[in-house]
Amino acid sequence: MKNKLDVFFIYSIYIFELIYTFSSMFFNNYTSRHSISTNELGQPIYGKIGIFENVFKISYCMVFIVGVLYILFLIYKIKNHEIIDLKKNTYLLSGIIFMDLVLYGFMLMPMLVSSPAMKVVIICFIVHLLIYMKDKQIFVLK
């Protein structure tokens, strides 16, 4: 189970990124086509569609939480001198980049600005590079 936990974290980033993207697109599409009333304090009243706002905010945070857990797990594996398959993990993280390119219509700037997974992937790539530079013998090349 411990050998597959890093892959589980990466796949969790995929799932939360998809949830974030679709719920934010649905919510933004609805709010752009419908008028939103406000209460006496000036706060918007979304009604039942407000659940999508909560879902994309929670999934936005979950992408970062899972990314931090992934990095902490890599640090844990380094401390215990366990094998890390950086090549496979880097390929899986590259899949997130491809998925975001498709979801954002191959437009780089909107993807870099609004995708939380892109920020996490860039940080993970930097961590992978640092691990690779630190000790080339703790990972597997196949």
Side-chain angles (χ1 to χ4, degrees), residues 1-39 42-142:
M1 176 64 186
K2 194 190 293 186
N3 295 337
K4 305 285 183 186
L5 197 55
D6 51 350
V7 175
F8 171 75
F9 286 138
I10 294 172
Y11 284 137
S12 298
I13 293 172
Y14 276 95
I15 292 167
F16 287 121
E17 173 67 11
L18 285 173
I19 292 170
Y20 167 78
T21 302
F22 289 127
S23 62
S24 66
M25 284 181 183
F26 186 74
F27 178 76
N28 290 335
N29 186 27
Y30 180 84
T31 56
S32 67
R33 295 179 183 218
H34 296 83
S35 61
I36 305 297
S37 59
T38 58
N39 62 8
Q43 300 167 338
I45 301 172
Y46 297 118
K48 292 182 181 177
I49 200 69
I51 188 75
F52 288 104
E53 180 187 28
N54 296 334
V55 167
F56 81 77
K57 286 180 181 178
I58 290 170
S59 59
Y60 185 90
C61 294
M62 287 304 294
V63 168
F64 286 106
I65 290 170
V66 171
V68 168
L69 288 174
Y70 171 71
I71 292 170
L72 290 175
F73 185 69
L74 288 180
I75 293 170
Y76 170 78
K77 281 185 136 181
I78 289 171
K79 297 247 185 216
N80 291 336
H81 302 289
E82 295 180 23
I83 294 174
I84 301 171
D85 193 356
L86 282 182
K87 186 177 180 182
K88 178 178 72 173
N89 293 352
T90 304
Y91 285 143
L92 288 173
L93 289 172
S94 300
I96 294 174
I97 294 173
F98 180 73
M99 180 186 72
D100 276 351
L101 281 171
V102 170
L103 287 174
Y104 289 95
F106 292 93
M107 294 183 288
L108 291 177
M109 286 312 290
M111 180 182 73
L112 291 173
V113 171
S114 62
S115 173
M118 282 309 300
K119 297 167 184 78
V120 170
V121 166
I122 290 170
I123 292 169
C124 289
F125 280 161
I126 292 170
V127 169
H128 284 189
L129 180 66
L130 292 174
I131 291 171
Y132 178 76
M133 289 171 41
K134 180 186 175 291
D135 190 6
K136 296 179 183 179
Q137 297 171 13
I138 61 171
F139 66 94
V140 175
L141 277 178
K142 294 180 181 177

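Computed over heavy atoms, backbone and side chain alike; hydrogens, waters and symmetry mates excluded.
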Evaluate the side-chain proximity of Tyr76 to Leu72: yes if any heavy-atom separation is below 4.5 Å, no if none is. no

Apply ring-ring contact (aromatic ring centres under 6.0 Å, His included) to Phe9 and list each qualifying residue two or more places apart in sequence or on a separate chain. none

Which residue pairs satisfy the ring-ring contact (aromatic ring centres under 6.0 Å, His included) criterion with at least one member in residues 107-131, sequence neighbours excluded? Tyr70-His128

Using a 3.5 Å cut-off and no angle test, enumerate the donor-acceptor pairs between side-chain atoms of residues 54-68 and protein atoms at least two apart in sequence or in another chain.
{"unit_1": "Lys57", "atom_1": "NZ", "unit_2": "Glu53", "atom_2": "OE2", "d": "3.2"}
{"unit_1": "Ser59", "atom_1": "OG", "unit_2": "Tyr20", "atom_2": "N", "d": "3.4"}
{"unit_1": "Ser59", "atom_1": "OG", "unit_2": "Val55", "atom_2": "O", "d": "3.0"}
{"unit_1": "Ser59", "atom_1": "OG", "unit_2": "Phe56", "atom_2": "O", "d": "3.2"}

I need the Ile19 CD1 to Tyr14 OH distance, nearest 0.5 Å. 15.0 Å

Rounded to the nearest 0.5 angstrom, the CD1-CD1 distance for Ile126 and Ile71 is 9.0 Å

Got Val120 and Pro116 here, is their nearest side-chain heavy-atom distance under 4.5 Å? no

If I take atom CD1 from residue Ile131 and atom CD1 from residue Ile78, how far apart are they, to the nearest 0.5 angstrom? 3.5 Å

Which residues pass the side chain to side chain donor-acceptor pair (under 3.5 Å) test with Ser23, not counting sequence neighbours? none

Only pairs under 3.5 Å count here: list side-chain donor-acceptor contacts from residues 92-105, not counting sequence neighbours, and write none if there are none.
{"unit_1": "Ser94", "atom_1": "OG", "unit_2": "Thr90", "atom_2": "O", "d": "2.9"}
{"unit_1": "Asp100", "atom_1": "OD2", "unit_2": "Ser115", "atom_2": "OG", "d": "2.7"}

How long is the straight-line distance from CG of Leu74 back to CG of Leu69, given to the nearest 0.5 Å? 11.0 Å

Quick one: ring-ring contact (aromatic ring centres under 6.0 Å, His included) partners of Phe22, sequence neighbours excluded? none

Which residues pass the side chain to side chain donor-acceptor pair (under 3.5 Å) test with Lys119, sequence neighbours left out? none

Nearest 0.5 Å please: distance from the CE atom of Met118 over to the CD1 atom of Ile13. 11.5 Å

Measure the spacing between CE of Met111 and OG1 of Thr21 and express it to the nearest 0.5 Å. 11.0 Å

